[in-house]
Amino acid sequence: MGVPLTGPAAAELAHDCTAMVDGFATPGPRHLRARRARARQEEALARTVLGVRERPEPELKSSALETLAWHRGQDGNPLDPRTAAVELLNIIRPTVAIAWFATFAAHAMHRWPHQRDLLRSESEKGYAEAFAHEVRRFYPFAPFVGGLAARDLNWRGEDITQGTLVLLDLYGQNHDPALWDHPYRFDPHRFTTGAETLDHLIAQGGGDPAGGHRCPGEDITVTALAVLATELAGLDFAVPDQDLTIPLSRMPTLPRSGFEMSLS
Ligand code: HEM
């Protein structure tokens, strides 16, 4: 992103982003912690944006920070610093969320150790990416997304009036036996055969990101997760006794103990 951070500020940003992801769509103390973290980081990043503007505007912007700091709205003026900070955080925060999937990747390698061998062997081209897709399909992260119907419509015989709350069941579709062979089997090979299975995978929303609200960060997520999973598979680690059950009543969820590893 090009955000300059010293050690303690980097740790604080990481800590705050974790709190923001953990407090997503949750009432209670986790939500309050997330709101405080968000306000703190919006203020800090707004100061960073103002710092960038103290220097002359470069013709070629070299980072997301510079691009946002110098972005001009339709009125020709740069964004107000707080808005630019919100936009920066909209990229930094979900990138941190990939760590949740990385934890699930470690969980999968522990539960099915041959996955670790397959990731290590590099014999199958594109396996790490297929593994990343299967982690996103198999494990629960965002269970559903919601929206209000923008107009009266009919969806497969169902009348839906404008303003009705509509939920898209992400976890349900990603485990629908009509779409997936043995949906509760962890099998990255289902993504090495053809492209059409990818249309069914809606871990980060459905439709087309160019025309709707589907996550525009999906490619970034898959690429980062494939790299992280390959790195994890290459580490020599042992897994001490812990509670690796995953509570489905918590959102966003994780193994109860996180995933503790001891490196040799
Ligand atoms: C753990 C990884 C991620 C998950 C589970 C995730 C999930 C989602 C979901 C469910 C939505 C809403 C889709 C909808 O309403 O239909 C969304 C939207 C969005 N995501 Fe992600 N995302 C992830 C990573 C990222 C990354 C890495 C970026 C950018 C670097 C990103 C940027 C965004 C943005 C900007 C939106 C709003 C799109 C809009 O409203 O038009 N996400 N994401």
Side-chain angles (χ1 to χ4, degrees), residues 1-3 13-14 16-26 30 34 38 41-42 45 61 63-68 71 79 83-108 128-129 131-150 153 155 160 163-175 191 198-229 231-232 246 248 250-255 258-259:
M1 299 294 298
V3 175
L13 178 58
D16 280 348
C17 282
T18 308
M20 281 181 254
V21 177
D22 198 41
F24 156 76
T26 311
R30 275 198 285 142
R38 187 182 176 137
Q41 289 306 327
E42 281 177 10
L45 288 168
K61 316 293 184 279
S63 65
L65 171 62
E66 278 190 358
T67 304
L68 277 163
H71 179 78
L79 298 174
T83 304
V86 168
E87 294 300 344
L88 273 169
L89 211 47
N90 279 348
I91 305 176
I92 299 172
R93 185 185 50 239
T95 306
V96 171
I98 301 171
W100 267 248
F101 279 144
T103 308
F104 290 133
H107 187 276
E129 198 169 294
F131 179 88
H133 285 314
E134 183 65 344
V135 167
R136 295 189 310 132
R137 185 196 71 82
F138 185 83
Y139 283 96
F141 191 109
F144 55 80
V145 287
L148 301 179
L153 66 128
W155 172 254
I160 300 170
T164 305
L165 175 63
V166 182
L167 301 179
L168 174 60
D169 179 3
L170 306 183
Y171 189 79
Q173 166 150 335
N174 289 340
H175 294 82
F191 290 106
L198 266 183
D199 288 342
H200 298 153
L201 178 63
I202 53 166
Q204 291 171 237
D208 177 3
H213 288 287
R214 185 180 186 134
C215 177
E218 231 171 333
D219 286 351
I220 297 175
T221 306
V222 172
T223 306
L225 186 56
V227 171
L228 289 169
E231 287 293 319
L232 265 173
I246 299 171
L248 288 181
R250 191 187 197 278
M251 193 172 114
T253 191
L254 271 180
F259 191 88

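Whatever order the structure lists them in is the order used to number ligands and atoms, beginning at 1. What you are looking at is a predicted structure, and each value in this text was computed from that prediction instead of being measured.
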Between [X] and [Y], is there a donor-acceptor pair closer than 3.5 Å when you use the side chain of the first and the backbone of the second?
{"X": "Thr26", "Y": "Phe24", "answer": "yes"}
{"X": "Arg136", "Y": "Phe138", "answer": "no"}
{"X": "His200", "Y": "Asn174", "answer": "no"}

Return the [atom1] to [atom2] distance between [X] and [Y], rounded to the nearest 0.5 Å.
{"X": "Ile92", "Y": "Glu87", "atom1": "CD1", "atom2": "CD", "value": "11.5 Å"}
{"X": "Asp22", "Y": "Trp100", "atom1": "CG", "atom2": "CH2", "value": "5.5 Å"}
{"X": "Leu201", "Y": "Leu170", "atom1": "CG", "atom2": "CG", "value": "9.5 Å"}

Taking only heavy atoms of [X] into account, list the atoms of ligand 1 that are under 4.0 Å away from them.
{"X": "Ile220", "value": "30 (C)"}
{"X": "Val145", "value": "10 (C)"}
{"X": "Phe101", "value": "1 (C), 2 (C), 5 (C)"}
{"X": "Ala97", "value": "1 (C)"}
{"X": "Ile91", "value": "30 (C)"}

State, yes or no, whether a side-chain contact exists between Phe141 and Val135 at a heavy-atom distance under 4.5 Å.
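They are not in contact (no side-chain heavy atoms under 4.5 Å apart), so the answer is no.
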Would you mind reporting whether Val166 and Trp155 have side-chain heavy atoms less than 4.5 Å apart?
no
Heavy atoms only: which of Pro94, Ala99, Pro143 is nearest to atom 25 (C) of ligand 1?
Pro94
Shortest heavy-atom approach to atom 34 (C) of ligand 1 - which of Pro209, Pro216, Gly147, Ala64:
Pro216
List the closest protein heavy-atom neighbour of [atom]: residue, atom name, distance to the nearest 0.1 Å.
{"atom": "atom 3 (C) of ligand 1", "value": "Gln204 NE2, 3.5 Å"}
{"atom": "atom 13 (C) of ligand 1", "value": "His213 O, 3.1 Å"}
{"atom": "atom 8 (C) of ligand 1", "value": "Cys215 CB, 3.7 Å"}
{"atom": "atom 24 (C) of ligand 1", "value": "Thr221 OG1, 3.3 Å"}

Take the angle between the ring planes of His107 and Tyr139 and call it parallel below 30°, perpendicular above 60°, tilted in between.
perpendicular
Return yes when Trp100 approaches ligand 1 closer than 4.0 angstrom through a heavy atom, no otherwise.
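In this structure, Trp100 fails to qualify as a contact of ligand 1 - no heavy atom is under 4.0 Å.
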N/O to N/O below 3.5 Å, does that happen between Thr95 and ligand 1?
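Among all N and O atoms of Thr95, none is under 3.5 Å from an N or O of ligand 1.
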